[in-house]
Amino acid sequence: MNAAVSFIGGANGNKKGLAATLAAHPGELKLRASLSDTNFTDGSTLNFDDLLISIEKPGSFIIDFDIPKKDVQFQFMNTFKVDGKQVNWTYTHVRNERRTVLDGTLLLDIANKLSASHELGSFNCKLKYTHVHRGLTTFEPCYDLAKKSWDLAVSRRVLGGDLIKATYETSSQVLGVEWSCSSLINEGGRIKVSASFNLAEGLHPPKLNVQSMWNIQA
């Protein structure tokens with residue numbers, strides 16, 4: 001049985017935290033125990049209010065058990081062909097919220113795909129088109145039917161694996177910039193630096209967030 005441990009340390013303004021995930025792979029299943037939002041801002045001890053246990057069979061299902069909230073999320077996925085085009089779909093149900101979401105993606109070719117996400121019983125629906133240009137630059141315009149607004153994301157891979165990404169939400173007028181870097185640190189680690197600007201509030205310093213991630217295989 002293979003096992004792995006992942007750690008994510010982050011800082012958001014004057015807040016500092018740590019998240020950890022322990023994963024094991026007995027046979028075809030993946031078992032995970034995740035602890036997130038452990039905050040050390042006030043020097044307090046560990047906070048176990050975000051313990052999540054997951055069981056996954058890749059490509060088939062994921063079941064998440066939220067221990068503090070006594071909640072369960074079921075996710076089922078499948079793949080099939082329509083006129084020779086691959087379609088990926090995912091069914092997600094959150095028990096306590098009684099919320100069900102259907103997600104589908106149509107792969108037009110190696111560089112283009114169409115995606116849709118709809119929450120059943122509501123007007124919440126998003127349509128997204130993804131285009132990958134020469135394997136390096138990705139354009140993702142998205143239309144939110146509930147908000148009647150467009151979002152746009154543009155990302156590009158640089159330095160053999162690093163990712164630079166910019167996003168803009170027209171409904172909230174929030175501009176986001178993100179740099180995910182693995183080329184400057186040891187293998188198995190990654191640093192992510194992100195900043196968000198609320199253009200509706202005028203010229204103000206951005207909200208900054210820094211995360212460092214490590215993966216340990218056992």
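Positions are given from 1 along the sequence. Every value quoted in this text rests on a predicted model; they were computed, and no experiment measured them.
A salt bridge links Glu28 to Lys57: one of the charged nitrogens lies within less than 4.0 Å of a carboxylate oxygen.
Two residues are said to be in side-chain contact when any heavy atoms from C-beta on lie closer than 4.5 Å; Ser180 and Arg190 meet this criterion. Between Thr130 and Asn112, the closest side-chain pair of non-hydrogen atoms is not below 4.5 Å. Taking 4.5 Å as the limit, every side-chain heavy atom of Lys207 sits out of range of all side-chain heavy atoms of Phe197. In this structure the side chain of Asp162 reaches within 4.5 angstrom of the side chain of Trp179, judged on heavy atoms. Annotation: side chain of Ser117 is in contact with side chain of Val101 (closest heavy-atom distance under 4.5 Å). Looking at Met77 and Ile62, their side chains come closer than 4.5 Å, going by heavy atoms from C-beta outward.
Rounding to the nearest 0.5 angstrom, the gap separating the CD atom in Glu178 from the NZ atom in Lys165 is 6.5 Å. Expressed to the nearest 0.5 Å, how far NZ of Lys147 lies from CD of Glu169 amounts to 6.5 Å. The OG atom of Ser34 lies 9.0 Å from the CD1 atom of Ile53; values are rounded to the nearest 0.5 Å. Here CG of Leu145 is found 10.5 Å from OG of Ser122. Values are rounded to the nearest 0.5 Å. In this structure, NZ in Lys192 is found 5.5 Å from CE in Met213, a value given to the nearest 0.5 Å. Atoms OG and CG, from Ser194 and Leu208 in turn, are 8.0 Å apart once rounded to the nearest 0.5 Å.
Asp71 places a side-chain N or O within donor-acceptor distance of the main-chain N or O of Asn96, the cut-off being under 3.5 Å. Side chain of Arg157 to backbone of Gly135: no donor-acceptor contact under 3.5 angstrom is found.
By the criterion of side-chain heavy atoms lying less than 4.5 angstrom apart, applied directly or through intervening Ile, Leu, Val, Met, Phe, Trp or Tyr residues, Leu127 is not grouped with Leu114; the two fall into different hydrophobic clusters. Transitive grouping of hydrophobic side chains (ILVMFWY, heavy atoms separated by less than 4.5 Å) keeps Leu52 and Ile55 in distinct clusters. At a threshold of 4.5 Å between side-chain heavy atoms, the hydrophobic network of Ile, Leu, Val, Met, Phe, Trp and Tyr places Phe123 and Leu120 in two separate groups. Linking Ile, Leu, Val, Met, Phe, Trp and Tyr residues whenever their side-chain heavy atoms come within less than 4.5 Å leaves Trp150 and Leu175 in two separate clusters. Linking ILVMFWY residues whenever their side-chain heavy atoms come closer than 4.5 Å, directly or via other members, leaves Tyr143 and Leu102 in distinct clusters.
Here the closest heavy-atom approach between residue Ala146 and residue Asp144 is recorded as N-OD1, 3.0 Å. Taking all atoms of both residues into account, the shortest heavy-atom contact from Ser172 to Asn198 is O-OD1, 3.6 Å. Thr105 approaches Ser115 most closely through the heavy-atom pair OG1-OG, 3.3 Å.
By the neighbour-count criterion of 12 heavy atoms within 6.0 Å, atom CZ of Phe76 is densely surrounded, having more than that number from other residues, nucleotides or ligands. Other residues, nucleotides and ligands place no more than 12 heavy atoms under 6.0 Å from the CD1 atom of Ile110.
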Distance-only donor-acceptor hits, side chain of residues 84-93, under 3.5 Å, sequence neighbours excluded:
residue	atom	partner	partner atom	Å
Lys85	NZ	Leu108	O	2.9
Gln86	NE2	Asn88	OD1	3.0
Asn88	OD1	Thr79	OG1	3.0
Thr92	OG1	Gln75	NE2	3.2
His93	ND1	Arg99	O	3.4
His93	ND1	Thr100	OG1	2.8

Margin query: Run Ile63 and Val72 through side-chain contact (heavy atoms from CB on, under 4.5 Å) and show every step you take.
Written below: CA-CA 7 Å; Ile63 304 176; Val72 181; 3.9 Å; yes
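Here the rule is side-chain contact (heavy atoms from CB on, under 4.5 Å) with Lys113, and of Val132, Leu107, Leu106 only Leu107 fits it.
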